[in-house]
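Because only heavy atoms are used, hydrogens play no part in the values below, and waters and symmetry mates are left out as well, while side chains stay in. Since this is a predicted model, take the numbers as computed values, not measurements.
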Amino acid sequence: TGRAGSRYLAALLNEAGIKTLHEVHSDLDRWNGCDALGEISAHFVMQMDAWPEARVWHFSRHPQPFVTSLLAFGFWRLHAPSIHPHLRVTGDRVGDSFRYWVDWNRRLLAVPAPRRTTFRIEDVSREVVTRLADTIGAEVDTTKVVPAWNERQDFAEIPTTVEVEVGEMMETLGYARAC
């Protein structure tokens with residue numbers, strides 16, 4: 001999903017030799033010649049069965065800086081009811097942002113493991129890039145890849161209305177439970 005580090009990951013993949021587009025949305029003609037597509041649109045995840053050869057690289061980002069970034073970006077003003085109609089939006093932007101983080105991670109974890117490779121964006125390394133390339137049969141040169149995730153640690157406080165579900169997902173993804 002947007003604000004999770006997809007632009008950063010796309011840049012690393014391109015450096016390694018995996019031709020990757022970022023945020024193509026519905027312009028599928030731009031896929032020609034690409035090895036990977038950095039996509040944030042909900043309809044692709046919900047229609048995975050339409051592309052049996054597709055692989056999902058599910059990466060998460062710690063929820064608190066993710067939410068801070070989502071709010072600073074103005075996500076709810078720009079995207080919410082039209083792109084994510086499945087999400088229960090309450091009007092509490094902080095709580096809804098955490099709920100959105102949980103919802104997307106649940107959706108991606110539901111993709112069967114042979115089709116899905118899960119990792120945390122904070123942990124991306126040359127080895128992770130090589131592992132991703134292996135899932136699509138691509139050859140890579142990771143000598144040019146310089147992972148430099150340097151996140152400013154701004155943390156949104158987790159509202160009590162979502163702390164249980166956020167805490168459970170944090171544990172599932174290997175983040176220390178903040179609740």
Next on the checklist: Please enumerate all residues that pass salt bridge (charged side-chain N to carboxylate O under 4.0 Å, His left out) together with R99, with sequence neighbours excluded.
Outcome noted: D96

Checklist entry - How far apart are the C-alpha atoms of F66 and S97, what are their side-chain angles, what is the distance that settles it, and do they pass the side-chain contact (heavy atoms from CB on, under 4.5 Å) test? => result CA-CA 9 Å; F66 167 83; S97 296; 5.7 Å; no

Checklist entry - V124 and F59: side-chain contact (heavy atoms from CB on, under 4.5 Å), yes or no, with the steps? => result CA-CA 9 Å; V124 170; F59 56 95; over 6 Å; no

[X] vs [Y] side-chain heavy atoms within contact, under 4.5 Å:
| X | Y | answer |
| --- | --- | --- |
| R55 | T117 | no |
| F119 | L9 | yes |
| R115 | V56 | no |

Minimum-distance pair of heavy atoms, taken over all atoms of [X] and [Y]:
| X | Y | answer |
| --- | --- | --- |
| R3 | F73 | NH1-CD1, 3.6 Å |
| V166 | P63 | CG1-CG, 4.3 Å |
| M170 | A176 | CE-O, 2.8 Å |
| A156 | T68 | N-OG1, 3.2 Å |
| V94 | V67 | O-CG1, 4.3 Å |
| V102 | M169 | O-CE, 3.9 Å |

Below 3.5 Å, can you tabulate the donor-acceptor pairs from side chains in residues 132-140 to any protein atom, sequence neighbours excluded?
from: T135; atom 1: OG1; to: W57; atom 2: NE1; distance (Å): 2.8
from: T135; atom 1: OG1; to: L132; atom 2: O; distance (Å): 2.6

How long is the span from the [atom1] atom in [X] to the [atom2] atom in [Y], to the nearest 0.5 Å?
| X | Y | atom1 | atom2 | answer |
| --- | --- | --- | --- | --- |
| W101 | L173 | CH2 | CG | 5.0 Å |
| K144 | N14 | NZ | CG | 11.5 Å |
| R116 | L109 | CZ | CG | 5.0 Å |
| E168 | E171 | CD | CD | 7.5 Å |
| L13 | Y8 | CG | OH | 10.5 Å |

Checklist entry - Mind checking what makes side-chain hydrogen bond (donor to acceptor under 3.5 Å, both in side chains) contact with E127, not counting sequence neighbours? => result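 Applying side-chain hydrogen bond (donor to acceptor under 3.5 Å, both in side chains) to E127 gives S125.
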
Checklist entry - Which residues pass the side-chain hydrogen bond (donor to acceptor under 3.5 Å, both in side chains) test with D141, sequence neighbours left out? => result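 Once residues adjacent in sequence are excluded, the partners of D141 under the side-chain hydrogen bond (donor to acceptor under 3.5 Å, both in side chains) criterion are T143.
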
Item to check | By side-chain contact (heavy atoms from CB on, under 4.5 Å) - contacts of R120 (at least two apart) | outcome: S60, E122, D123, Y175

Next on the checklist: Determine whether H58 and T118 satisfy the following criterion, side-chain contact (heavy atoms from CB on, under 4.5 Å), listing intermediate values before the conclusion.
Outcome noted: CA-CA 5 Å; H58 166 217; T118 298; 3.2 Å; yes

Checklist entry - Are the side chain of T130 and the backbone of R126 linked by a donor-acceptor contact shorter than 3.5 Å? => result yes

Checklist entry - Taking the inter-plane angle between the rings of Y100 and F75 on a 0 to 90° scale, is it parallel (under 30°), tilted (30 to 60°) or perpendicular (over 60°)? => result tilted

Checklist entry - If you look only at pairs with a residue in residues 122-141, which of them pass as a ring pair (Phe, Tyr, Trp, His ring centres under 6.0 Å), with sequence neighbours excluded? => result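 Residue pairs passing ring pair (Phe, Tyr, Trp, His ring centres under 6.0 Å), neighbours aside: none found.
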
